Trainee: 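First the structure, then my questions, so here it is.
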Amino acid sequence: MTPMILFDDRCYLCTKFAGAVNFLARGRIAIVGHYSALGEKMRNDILDESALEMFWLIDKKNAYGGRAALLPLTRYVLFSKRDKFKEYKKDNACGKECKTVKSVFVRSSSLLSNSRKITLKSK
């Protein structure tokens, strides 16, 4: 399994974050929205009830959510030598309410307050 970022593709700030990750990783990390077909499958198969509360970095051994994903994500961005993926879709259904200062503050504080690590079962 290649590294994958699972993010809220209905959130303006989250979409910007995913775009920044895609740019910095130069396309070496798959970027998938929570509400895409693959995102829903990943949420149902791997993640738990807290899946929509944060972004996730999923690799072959673990799923890291929120704050726990920052260090592994930094490692992947800096040291990953994997194949490039197609550009992710910037298809968010965000309204004006998610672009407010309050929304940015809530989402940013959510990133720092939520943290999960799930060990994936070997198949």
Side-chain angles (χ1 to χ4, degrees):
M1 181 180 209
T2 58
M4 173 188 301
I5 292 289
L6 191 61
F7 75 104
D8 185 352
D9 51 348
R10 293 185 181 169
C11 167
Y12 175 78
L13 183 63
C14 301
T15 303
K16 292 294 184 185
F17 173 75
V21 168
N22 190 55
F23 175 77
L24 292 172
R26 294 183 292 276
R28 294 183 309 237
I29 298 174
I31 309 291
V32 178
H34 275 303
Y35 299 101
S36 67
L38 179 58
E40 287 182 16
K41 181 179 180 343
M42 297 302 287
R43 282 195 340 250
N44 293 333
D45 293 350
I46 295 175
L47 303 177
D48 59 13
E49 68 280 348
S50 66
L52 293 173
E53 295 175 7
M54 59 194 111
F55 85 96
W56 292 84
L57 172 67
I58 303 169
D59 61 17
K60 59 185 169 187
K61 295 181 182 178
N62 297 301
Y64 305 92
R67 187 177 67 242
L70 294 176
L71 185 59
L73 176 60
T74 303
R75 281 190 215 126
Y76 274 115
V77 166
L78 295 176
F79 304 114
S80 178
K81 303 267 190 264
R82 305 215 184 240
D83 296 330
K84 287 191 174 187
F85 298 96
K86 290 182 180 179
E87 184 80 17
Y88 76 101
K89 295 179 183 177
K90 298 178 185 179
D91 187 30
N92 62 343
C94 174
K96 289 184 179 181
E97 66 277 352
C98 72
K99 296 180 183 179
T100 64
V101 174
K102 179 182 175 186
S103 258
V104 170
F105 179 74
V106 167
R107 279 297 199 174
S108 299
S109 64
S110 171
L111 171 67
L112 298 176
S113 63
N114 292 322
S115 181
R116 291 288 315 258
K117 180 179 176 184
I118 299 172
T119 304
L120 303 179
K121 296 175 184 176
S122 299
K123 291 185 179 182

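These figures come from a predicted structure and were not determined experimentally.
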Trainee: So, taking the atom named OG1 in Thr74 and the one named CG in Leu24, what distance separates them when rounded to the nearest 0.5 Å?
Mentor: 9.5 Å
Trainee: Would you please name every residue forming a salt bridge (charged side-chain N to carboxylate O under 4.0 Å, His left out) with Lys117, sequence neighbours left out?
Mentor: none
Trainee: Got Leu120 and Ile58 here, is their nearest side-chain heavy-atom distance under 4.5 Å?
Mentor: yes
Trainee: Apply the test side-chain contact (heavy atoms from CB on, under 4.5 Å) to residues Tyr64 and Leu70: give CA-CA distance (whole Å), side-chain angles for both, the deciding distance (0.1 Å), then the verdict.
Mentor: CA-CA 8 Å; Tyr64 305 92; Leu70 294 176; over 6 Å; no
Trainee: Taking side chain as C-beta onward, heavy atoms only, is Val77 less than 4.5 Å from Ile29?
Mentor: yes
Trainee: Is there a side-chain contact between Phe55 and Asp8, using heavy atoms and a 4.5 Å cut-off?
Mentor: no
Trainee: Among residues at least two apart in sequence or on other chains, which ones pass side chain to side chain contact (heavy atoms under 4.5 Å, CB included) with Leu38?
Mentor: Met4, Val32, Ser36, Met42
Trainee: For residues Ile46 and Trp56, determine if any side-chain heavy atom of one lies less than 4.5 Å from a side-chain heavy atom of the other.
Mentor: no
Trainee: Asn22 side chain to Ala18 main-chain N or O, any donor-acceptor pair under 3.5 Å?
Mentor: no
Trainee: Has Arg43 got its NZ or CZ under 6.0 Å from the middle of the six-membered ring of Tyr35, at an angle within 45 degrees of the ring axis?
Mentor: yes
Trainee: Is any side-chain heavy atom of Leu6 less than 4.5 Å from a side-chain heavy atom of His34?
Mentor: yes
Trainee: Report whether Leu78 and Leu71 are members of the same hydrophobic cluster (ILVMFWY, side-chain heavy atoms less than 4.5 Å apart, transitive linking).
Mentor: no
Trainee: Any chance you could measure Glu53, atom CD, to Leu47, atom CG, to the nearest 0.5 Å?
Mentor: 11.5 Å
Trainee: Flag the pair Val21 / Phe7 as yes when at least one side-chain heavy-atom distance between them is below 4.5 Å, and no otherwise.
Mentor: no
